[in-house]
2 protein chains.
Amino acid sequence: MSERTGFQLDFRSGEPIYEQIVDEIRRRITGGQLRPGDQLPTVRQMALELRVNFNTVARAYRILDEAGIISTQQGRGTYILEADDAQAMQRLRAVTLEDLAEDFVREAKRLGFSLAETEQMFCNLVNRLKKDSGSS
Amino acid sequence: MSERTGFQLDFRSGEPIYEQIVDEIRRRITGGQLRPGDQLPTVRQMALELRVNFNTVARAYRILDEAGIISTQQGRGTYILEADDAQAMQRLRAVTLEDLAEDFVREAKRLGFSLAETEQMFCNLVNRLKKDSGSS
DNA sequence: CATACAATGATACATTGATACAATTTGAAA
DNA sequence: TTTCAAATTGTATCAATGTATCATTGTATG
C-alpha cells in the first residue's frame with residue numbers, strides 16, 4: 001500500500017513535473033488536506049509513487065522551501081510550516097542588509113573584538129569566497 | 001524548568017545543527033559565559049532542550065573535543081578545558097570571529113544579497129564607525 | 001541540421017536519526 | 001569497606017533523508 005498521496009500527474013500536459021508537484025501541494029495546503037506540522041513523504045517515497053526521479057521531487061520541495069511554505073531539513077524530512085512562518089519570513093526579508101551588518105559588528109564587539117579585528121576577518125573571508133567562486 | 005542553556009537554533013538557516021551548537025559554545029567560551037571546568041549538559045539533556053537527536057549534540061561535542069576546547073569522557077560528561085596556552089586562546093578567538101563573519105555572509109546571501117553588496121555595506125558601516133569614534 | 005536551454009536522471013555526498021555498545025558513576029547490599 | 005548491579009554518559013555503526021553536481025534527454029529556435 002504505497003498509494004498515500006493520490007497525486008495525479010499529467011506527463012503530457014507540457015507543464016513540468018516539478019511544477020505540477022508544487023501546485024498540487026499548494027492546493028492541498030490551501031484546501032486544508034495538508035496542515036502545518038504535517039510531514040510530507042520523503043523525496044524518494046513520493047518519487048516512487050509518482051514514478052519520477054527523486055531529484056524532481058526534491059526540486060519541488062526546494063521551491064516550496066524557498067517560498068517559506070515548507071521546511072526541508074537534511075537527514076530529517078520535510079514539514080508544512082505555519083502560515084505565520086511564511087509571513088514572518090516576509091518580514092525578515094524586510095530586514096535590511098545594514099541591520100545584518102550592524103548585528104555582526106555589535107556581536108563581535110560584545111565578544112571583545114576590536115573593529116579592526118572584525119574588519120580584517122571579514123575581508124579575509126570575502127577574499128577567500130571570491131577566490132573559491134572564481135576557481136570553479 | 002529545563003531551559004538551562006537558552007540556545008537558539010535556526011532550523012532553516014542552512015547551517016547544520018551540529019555546527020550551530022559548536023559555534024554557540026565557542027561564542028560562550030570566548031564571551032566568558034562558559035569557563036574552564038564548567039560542565040556542559042549531557043548530550044541527551046541538551047538534545048532534549050534543542051529538540052534534536054542526541055547524536056547531533058554528540059557530534060558537536062566531538063568536534064570541540066578534537067579541537068582541544070572541551071573534554072568529553074564516556075560515563076563522566078563533558079567539561080570546558082583550560083586553554084593550553086595563549087596561542088590556543090588566540091586560535092579560539094579567531095575561529096569564533098570567523099564563524100560570526102560566516103553567519104553574517106550566509107544570512108545576507110539567504111536574503112538575496114550578493115557578496116559584493118554585502119561587502120560594500122559592511123565597509124560603509126565600518127568607515128562610518130571609524131569616523132564617529134574619531135570625531136568624539 | 002545544429003545549437004541552446006530547460007527538464008529530468010544518475011550518482012556521490014553531508015546531515016540527521018535509530019540502535020546497540022562501552023566506560024564510568026552511583027548506591028545499596030553484603 | 002567491598003562488591004556488584006543499575007543507571008548514566010559518551011561512542012560506534014548503519015540507515016534514512018535531503019543536497020550538489022554533472023550527464024542525459026527532449027524541445028524549441030536559428
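We use all heavy atoms of the structure for the numbers below, so side chains are in, but hydrogens, waters and symmetry mates are not. So you know, we letter chains A, B, ... as the sequences are listed, proteins then strands, and number each from 1. Just so it is clear, the model here is predicted, and its values are computed rather than measured.
- Judged by distance alone, the side chains of A/Gln73 and A/Ser71 do bring a donor and an acceptor atom under 3.5 Å apart.
- Here D/dA12 presents its P atom at 11 Å from CG of B/Asp65, a figure rounded to the nearest Å.
- Nearest to the side-chain atoms of A/Ile17 among the listed nucleotides C/dT15, C/dA22, C/dT8 stands C/dT8.
- B/Phe11 has its CZ atom 16 Å from the P atom of C/dT15, to the nearest Å.
- Atom pair A/Arg51:CZ and C/dT8:P shows a separation of 17 Å (rounding to whole Å applied).
- A close approach under 4.0 Å does occur between a side-chain nitrogen or oxygen of B/Arg59 and OP1 or OP2 of C/dT15.
- At the phosphate of C/dA7, neither OP1 nor OP2 sits under 4.0 Å from any side-chain N or O atom of A/Thr56.
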| request: Verify side-chain contact (heavy atoms from CB on, under 4.5 Å) between B/Met121 and B/Leu125, making sure each step is shown before the conclusion. | output: CA-CA 6 Å; B/Met121 176 58 72; B/Leu125 174 62; 5.6 Å; no
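- Using a cutoff of 4.0 Å between basic side-chain nitrogens and carboxylate oxygens, B/Asp38 and B/Arg35 are not scored as salt-bridged.
- The nearest whole Å value for the distance from the CD atom in A/Gln73 to the C1' atom in C/dT15 is 11 Å.
- With distances taken from any side-chain atom of A/Thr42 to the nucleotides C/dG9, D/dT17, C/dG17, the minimum falls on D/dT17.
- Put simply, A/Asn53 has a side-chain N or O that comes within less than 4.0 Å of OP1 or OP2 on C/dA10.
- A donor-acceptor pair is defined here as one N or O able to donate and one able to accept, closer than 3.5 Å; such a pair exists between the side chain of A/Thr30 and the backbone of A/Arg26.
- For B/Thr72 and D/dT11, the shortest distance from a side-chain N or O to OP1 or OP2 is below 4.0 Å.
- B/Tyr18 comes within 4.0 angstrom of sugar-phosphate atoms only, judged by non-hydrogen atoms across all strands, and of no base.
- What separates CG of A/Asn55 from C1' of D/dT17 is a distance of 13 Å, to the nearest Å.
- Atom P of nucleotide C/dG17 and atom CZ of B/Arg44 are separated by 14 Å, given to the nearest angstrom.
- Following rounding to the nearest Å, B/Phe54 (CZ) and D/dT8 (C1') show an atom-to-atom distance of 12 Å.
- B/Arg62 comes within 4.0 angstrom of no nucleic acid atom, judged by non-hydrogen atoms across all strands.
- One finds no side-chain N or O of B/Arg76 lying less than 4.0 angstrom from the OP1 or OP2 phosphate oxygen of C/dT24.
- The distance from atom CZ of B/Arg12 to atom P of D/dG18 is 15 Å, rounded to the nearest whole Å.
- Aromatic ring orientation, B/Phe104 versus A/Phe122: tilted (interplanar angle from 30° to 60°).
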